Every structure is written in C-alpha cells, then in structure tokens.
J.: 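Can you keep this structure in mind? I'll have questions shortly.
Predicted model, so just to flag it, every value in this text is computed and none were measured.
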Amino acid sequence: MATTIKTSEEIDKMRIAGRLAAEVLEMVESHVQPGVSTDELDRICHDYIVNVQQAVPAPLNYRGFPKSICTSLNHQVCHGIPGNRLLKAGDMLNIDVTVIKDGFHGDTSKIFFIGEPGVLAKRLAGITYECMALGIRMVRPGVQLGDIGHAIQRHAEAHDYSVVREYCGHGIGREFHEEPQVLHYGRPGTGMTLEPGMTFTIEPMINVGRRHTKLLKDGWTVVTKDHSLSAQWEHTVLVTPEGYEVLTLREGESI
Ligand code: MF3
Ligand code: CO
Ligand code: CO
C-alpha cells in the first residue's frame with residue numbers, strides 16, 4: 001500500500017489516538033518501580049486502554065505478539081515481551097504503547113529509569129531523545145526522509161553510538177505499519193519527499209556498542225548482539241503545511 005495522505009477528519013482521529021497513547025505512558029509512570037514485573041505493567045496498561053480509554057491495544061495478537069505493550073529492558077533493543085522478571089534499581093526500561101481508537105493508531109514509547117540511572121544509561125537515553133527530537137524538528141513539506149535519517153545518524157555517531165538498521169519508523173494510520181519506512185540513518189537528498197497530511201513515527205534505536213542485533217528464540221525480543229545498552233524513544237508525527245505536529249506529546253513535553 002502506498003503512503004496515505006490523511007484528510008482533516010482522519011487527522012482529527014489520529015490526534016485522538018495519539019493523545020490516548022501518550023496518556024497511557026503518563027498513567028503507567030507511577031507504577032514503574034523496583035519489584036514490579038513487566039507483566040504487571042502490561043496488565044495495568046491493558047486494563048486502562050480497554051476499560052478507561054475504550055480503545056484497543058494494537059500489539060495484542062498483532063502477528064502473534066502475546067501482550068498489549070512492548071517492554072524492552074537494558075540491552076533489549078525493541079519488541080520485548082512483558083514477563084515475570086522484576087524491575088530493579090539501575091534498570092532502564094522502554095515501554096512502547098500503541099492504541100487503536102475509532103480505527104486509527106497512535107504509537108509512542110518512552111524510557112523509564114528504575115531508581116537512580118547509571119551515568120552511561122542516562123547519557124545514552126539523553127542522546128537518543130535528542131536524535132528523535134532533531135529528526136522531528138526537520139519534518140516539513142519538501143524535506144526528504146534521507147535528510148532526516150542522516151541527521152539522526154550523524155548525531156548518534158558524533159557521540160560514538162551506533163544506529164540500529166534492522167528496525168525503523170513507519171507510516172501509521174488505519175494500519176499499524178504503513179509505508180513509508182522511516183530509516184534512522186541515510187544520505188541527504190534521498191528517499192521520499194514529505195507532503196502535508198502524511199503521518200509517521202520517528203523511533204530511533206541507539207546502541208552504546210555496535211549496531212548489530214539478534215532476535216531471541218521467543219521470536220520477538222530484539223537484543224544487541226554485543227549485549228551493549230540500547231535506548232529508544234518514539235513519537236507519531238503529522239506533516240503540516242508549515243512543518244510538523246507531534247501527535248503523541250505528553251503533558252509538559254515540547255519538541
Ligand atoms: N510499537 C512498535 C513500533 O513502534 C511495534 C510493536 S509490534 C509488536 O512499531 F507486535 F511487537 F507489538
Ligand atoms: Co512504531
Ligand atoms: Co511503537
């Protein structure tokens with residue numbers, strides 16, 4: 001399916017789905033504590049999405065994914081499956097939430113620290129957020145996806161980090177994953193040219209060590225091959241006539 005341009009009615013629905021996804025991350029924050037399992041966080045998010053938001057957790061049963069959120073811990077890159085592992089001080093956890101409301105998807109993820117973060121984790125998470133934010137700030141009609149990917153890659157590599165290549169951002173709307181693929185690396189002047197009404201995610205995965213990843217036997221959890229720490233943040237973005245609108249901003253966040 002080609003990249004879709006959303007109508008203003010569809011954009012209104014994307015705004016609602018985006019806000020709901022952001023609100024799940026706000027809600028779960030107080031529950032991310034030492035001694036809590038990622039299964040408990042999954043249950044809390046599932047119940048909130050279904051009962052309070054009257055929305056659908058998109059990951060559940062998506063291509064066989066067994067849970068309602070993804071929880072990726074420390075050297076896990078993405079798509080971690082919630083389980084009975086208990087969080088402990090010093091852990092760094094990405095929670096990735098995707099909700100469907102009125103037929104449209106909102107997709108966003110955030111890093112949480114359990115207890116006091118280590119220096120390495122704090123620095124990686126900060127630079128990874130900067131990678132996402134500087135990519136988002138480039139979004140406007142006429143810009144090419146390769147321009148954005150290049151800027152993200154340059155910022156990560158300037159700090160001696162590496163960019164994961166096997167997974168990328170994506171168009172989003174009625175489908176969870178639509179065209180285009182939004183690579184977090186690339187060459188300026190290449191790739192799709194942005195137009196108003198496009199909606200897609202920017203969700204860089206940045207590693208302290210080498211960029212290579214490995215898929216665990218559970219068929220989902222992606223880890224760094226060298227077991228180095230990996231971080232990710234994600235927002236859903238709309239291309240507006242003037243620039244961009246972040247559809248999944250949390251309270252107090254501005255990009
Ligand atoms: N939310 C992820 C993304 O950003 C996709 C998760 S797919 C799942 O694209 F099946 F693992 F949930
Ligand atoms: Co996504
Ligand atoms: Co996501």
J.: Looking at E10 and K13, is any side-chain nitrogen of the basic one under 4.0 Å from a carboxylate oxygen of the acidic one?
T.: no
J.: Is there a donor in the side chain of H170 and an acceptor in the side chain of E175, or the other way round, less than 3.5 Å apart?
T.: no
J.: Quick one: pull up CD in E203 and SG in C78 and give me the separation to the nearest 0.5 Å.
T.: 8.0 Å
J.: Less than 4.5 Å apart, side chain to side chain, heavy atoms only: is that true for N207 and L229?
T.: no
J.: Does any part of the side chain of T199, heavy atoms only, come nearer than 4.5 Å to the side chain of V237, both counted from C-beta?
T.: no
J.: Counting N and O atoms only, with roles assigned by atom type, does the side chain of Q76 sit under 3.5 Å from a partner on the main chain of L73, one being a donor and the other an acceptor?
T.: yes
J.: Side-chain contact test, heavy atoms from C-beta onward, threshold under 4.5 Å: evaluate it for S68 versus P59 and give yes or no.
T.: no
J.: Is any NZ, NE, NH1 or NH2 atom of the basic residue among E116 and K122 found under 4.0 Å from an Asp or Glu carboxylate oxygen of the other?
T.: no
J.: Hey, are R15 and E9 close enough for a salt bridge, meaning a charged N less than 4.0 Å from a carboxylate O?
T.: no
J.: Given the ring of F112, does K110 sit roughly above its face, with NZ or CZ under 6.0 Å from the centre of the six-membered ring and within 45° of the axis?
T.: yes
J.: Going by atom types only, do S109 and N94 share a side-chain donor-acceptor pair under 3.5 Å?
T.: yes
J.: Hey, does the side chain of Q144 reach the backbone of M192 with a donor-acceptor pair shorter than 3.5 angstrom?
T.: no
J.: Do you see a donor-acceptor pair shorter than 3.5 Å between the side chains of S162 and E157?
T.: no
J.: When clusters are formed by joining ILVMFWY residues with side-chain heavy atoms under 4.5 Å apart, either directly or through shared neighbours, do I111 and V208 land in the same one?
T.: yes
J.: Would M205 end up clustered with L215 when hydrophobic side chains under 4.5 Å apart are linked, directly or stepwise?
T.: yes
J.: Could you tell me whether the side chain of K88 reaches within less than 4.5 Å of the side chain of P34, counting heavy atoms only?
T.: no
J.: For H212 and T224: C-alpha separation, side-chain torsions, deciding distance, then whether side-chain contact (heavy atoms from CB on, under 4.5 Å) applies.
T.: CA-CA 6 Å; H212 306 90; T224 53; over 6 Å; no
J.: Would T213 and E166 count as having a side-chain donor-acceptor pair, cut-off 3.5 Å?
T.: yes
J.: Can any side-chain N or O of E130 pair as donor or acceptor with the backbone N or O of I127 at less than 3.5 Å?
T.: no
J.: Would a line drawn from the ring center of H177 to the ring center of Y62 be shorter than 6.0 Å?
T.: yes
J.: Just grab all the ring-ring contact (aromatic ring centres under 6.0 Å, His included) pairs involving residues 217-255, residues at least two apart or on different chains.
T.: F65-W220, H75-H227, Y129-W233
J.: Compare all side-chain heavy atoms of I136 with those of V246 and state whether any distance is below 4.5 angstrom.
T.: yes
J.: Hey, are K6 and D12 close enough for a salt bridge, meaning a charged N less than 4.0 Å from a carboxylate O?
T.: no
J.: Between R210 and D226, is the closest basic N to carboxylate O distance under 4.0 Å?
T.: no
J.: If you group Ile, Leu, Val, Met, Phe, Trp and Tyr by side-chain heavy-atom gaps below 4.5 Å, do M132 and V143 land in one group?
T.: yes
J.: What are the two closest heavy atoms between C70 and H79, and how far apart are they?
T.: SG-CA, 3.9 Å
J.: Is the H155-Y161 ring centre distance short of 6.0 angstrom?
T.: no
J.: Between atom OG1 of T248 and atom CG of L238, what is the distance when rounded to the nearest 0.5 Å?
T.: 11.0 Å
J.: Taking atom types as modelled, find out whether T236 and D107 have a side-chain donor-acceptor pair closer than 3.5 angstrom.
T.: no
J.: Would V36 and V97 show up in the same hydrophobic cluster when neighbours are defined by side-chain heavy atoms closer than 4.5 Å?
T.: yes
J.: Does the side chain of Y48 come under 3.5 Å of the side chain of R43 through a donor N or O and an acceptor N or O?
T.: no
J.: Less than 4.5 Å apart, any side-chain heavy atom of T38 and any of L93?
T.: yes
J.: Considering only heavy atoms from C-beta outward, does the side chain of T4 approach that of M198 to under 4.5 Å?
T.: no
J.: Counting only N and O atoms by type, is there a donor-acceptor contact under 3.5 Å from the side chain of K101 to the main-chain atoms of G18?
T.: no
J.: Please answer: with hydrophobic residues joined when any side-chain heavy atoms are less than 4.5 Å apart, are V32 and M27 in the same cluster?
T.: yes
J.: Any heavy-atom pair between the side chains of K214 and V222 that's under 4.5 Å?
T.: no
